[in-house]
There are 2 protein chains.
Amino acid sequence: MISLQQLEKEAKPIQTYYKSATYSKQEVSYPERDIPTDATFHYKELAAKKHSEAERRRRLRINGQYATLRTILPNLVKTDKASVLEETIKNVRELQKTVKELKTVGRDRHKCEFPNEVNELNLSYSNGDGGLVKATLSCEDKPGLLSDIGRALRSVKAKVLKVEMATVGGRIKCELLIQGFKGNEGMVMLKRALKIVIDKPSLPGNYGKKICFYK
Amino acid sequence: MISLQQLEKEAKPIQTYYKSATYSKQEVSYPERDIPTDATFHYKELAAKKHSEAERRRRLRINGQYATLRTILPNLVKTDKASVLEETIKNVRELQKTVKELKTVGRDRHKCEFPNEVNELNLSYSNGDGGLVKATLSCEDKPGLLSDIGRALRSVKAKVLKVEMATVGGRIKCELLIQGFKGNEGMVMLKRALKIVIDKPSLPGNYGKKICFYK
DNA sequence: AATGACACGTGACAC
DNA sequence: TGTGTCACGTGTCAT
């Protein structure tokens with residue numbers, strides 16, 4: 001059922017939108033000292049008309065924004081103004097949180113998975129009973145790297161339990177889970193050996209042949 | 001400079017908030033058939049009071065939401081209602097777009113970088129003049145894999161220009177940029193050889209020693 | 001002076 | 001029935 005107000009709003013032009021009775025009411029609330037002439041009356045009538053029309057434009061603008069919000073909000077059940085605003089606030093907060101999380105995840109993944117741009121070497125005891133050591137290294141991808149790492153591990157009698165590696169843009173990142181050497185001295189030796197490996201300069205002109213597939 | 005309206009709103013209790021003149025005005029606009037008794041007058045007065053107070057609460061609620069929006073919106077210069085709504089709409093749209101993009105990026109990265117869960121082999125001509133071929137393969141990470149791939153490449157006299165690889169959770173993904181063999185027959189042979197390599201079952205009990213560091 | 005923003009009370013309508 | 005929502009015109013303040 002369409003309301004009378006809606007009919008007026010949609011069908012009638014602006015000129016016929018204001019009832020003349022309105023302006024007489026205005027005269028009552030203006031306690032005038034002088035008797036109002038026709039000129040002042042018409043001026044005030046005109047001013048009031050301008051005023052109400054301006055206010056109407058303002059309402060129209062705001063209500064347009066509400067309409068837009070109603071269209072872009074997901075899961076909007078109640079469509080009254082307060083509910084629209086409430087849902088908007090919830091939505092904005094949720095979106096801001098989501099964006100923040102996604103960006104954080106992106107950063108973390110970048111930090112955790114990607115080979116670092118600077119050489120990096122990190123050894124740490126993995127909290128377990130078997131005295132496992134986790135080694136993280138990041139360096140330039142160069143020929144003989146795997147062999148060099150293997151030699152370094154052999155030099156401390158270390159056994160590799162697990163390897164995760166990634167190569168991107170000529171940089172390599174490697175995570176090793178190591179077992180076999182005892183005490184701190186082995187750790188220090190391994191660290192020294194690996195440090196030498198990752199800092200060893202590669203020969204120039206070998207890009208694209210850095211990993212040797214031919215044994 | 002604080003306005004009179006603001007002073008009233010903040011300092012005065014609700015009871016003194018309504019001017020008695022309001023209700024006489026209301027009587028004028030109610031064209032009554034019967035002479036209003038004191039009872040009906042007071043009833044209407046009370047009803048009008050309840051009404052205006054309810055409306056006031058509604059306004060209060062809505063304005064509260066505006067205040068909240070003003071606090072959570074970044075880069076808000078104009079703080080009037082229309083501007084708040086406008087900025088809100090822009091913000092919601094931007095956030096929705098950002099979330100969509102971030103999620104897409106996440107999916108794409110996952111699809112493009114991570115080793116696939118099922119074995120995969122794809123050969124395609126890279127659009128260049130040198131007849132380059134891009135090979136993408138994904139399979140279980142197993143001992144001798146690099147040697148096997150190397151043998152397969154050697155069998156078609158292919159030269160490796162560039163390698164990108166990633167190992168995650170026992171699966172390996174490898175992108176090779178290859179040059180050297182001529183025509184379709186080499187391509188078919190390489191594909192067949194690589195297919196055998198990636199589908200070759202690994203020996204059991206070798207997890208953690210899949211990449212041989214000891215030559 | 002003129003324009004814009006706001007709160008208010010009010011009549012109308014919906015459930 | 002009343003209870004809540006809306007559009008409207010108006011008074012007021014600020015620019």
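Note on naming: letters A, B, ... go to the chains in the order of the sequence lines (proteins, then strands), and numbering restarts at 1 for each one.
- Each of N91(B), T98(B), L95(B) was compared with L95(A) under the side chain to side chain contact (heavy atoms under 4.5 Å, CB included) criterion, and only L95(B) meets it.
- A salt bridge links E87(B) and K90(B); the closest N-O separation between the charged side-chain nitrogens and carboxylate oxygens is under 4.0 Å.
- Atoms CG (L46(B)) and P (dT10(C)) sit 13 Å apart, rounded to a whole Å.
- Taking a cutoff of 4.0 Å between a charged side-chain nitrogen and a carboxylate oxygen, R58(B) and E55(B) qualify as a salt bridge.
- Atom pair R58(A):CZ and dC8(C):P shows a separation of 13 Å (rounding to whole Å applied).
- Between R57(B) and dG4(D) there is no side-chain N or O to OP1 or OP2 distance below 4.0 Å.
- Rounding to the nearest 0.5 angstrom, the gap separating the OG1 atom in T88(A) from the CG atom in L76(A) is 7.5 Å.
- Atoms CG and NZ, from L137(A) and K195(A) in turn, are 10.5 Å apart once rounded to the nearest 0.5 Å.
- The base of dC6(C) sits within donor-acceptor range of the side chain of E55(A), with an N or O pair under 3.5 Å.
- Listed pair R59(A) / dG9(D) meets the phosphate criterion, a side-chain N or O lying under 4.0 Å from OP1 or OP2.
- H51(A) contributes a side-chain N or O that forms a donor-acceptor pair with the base of dG11(D) under 3.5 Å.
- Between E45(A) atom CD and dG9(D) atom C1' there is a gap of 14 Å when expressed in whole angstrom units.
- Atom CD1 of I62(A) is separated from atom C1' of dC8(D) by 14 Å (rounded to the nearest Å).
- dA7(D) atom P lies 10 Å from atom OH of Y66(A), rounded to whole Å.
- What separates CG of L60(A) from C1' of dG9(D) is a distance of 15 Å, to the nearest Å.
- When distances run from any side-chain atom of R56(B) to the nucleotides dC8(C), dT10(C), dA7(D), the shortest one goes to dC8(C).
- Side chain of Q65(A) to main chain of A82(B): a donor-acceptor pair is present (N/O by atom type, distance under 3.5 Å, no hydrogens or angles).
- Between N63(B) and the phosphate of dA7(C), there is a side-chain N or O to OP1/OP2 separation shorter than 4.0 Å.
- Within residues 77-88 of chain A, the residues approached by DNA chain D to less than 4.0 Å at the level of any non-hydrogen atom are D80(A), K81(A), in residue-number order.
- Rounded to an integer number of Å, the gap from CZ of R70(A) to C1' of dC6(D) is 11 Å.
- Between the side chains of K81(B) and N63(B), a donor-acceptor pair is found at a separation under 3.5 Å.
- With rounding to whole Å, R61(A) atom CZ is found 15 Å from dT3(C) atom P.
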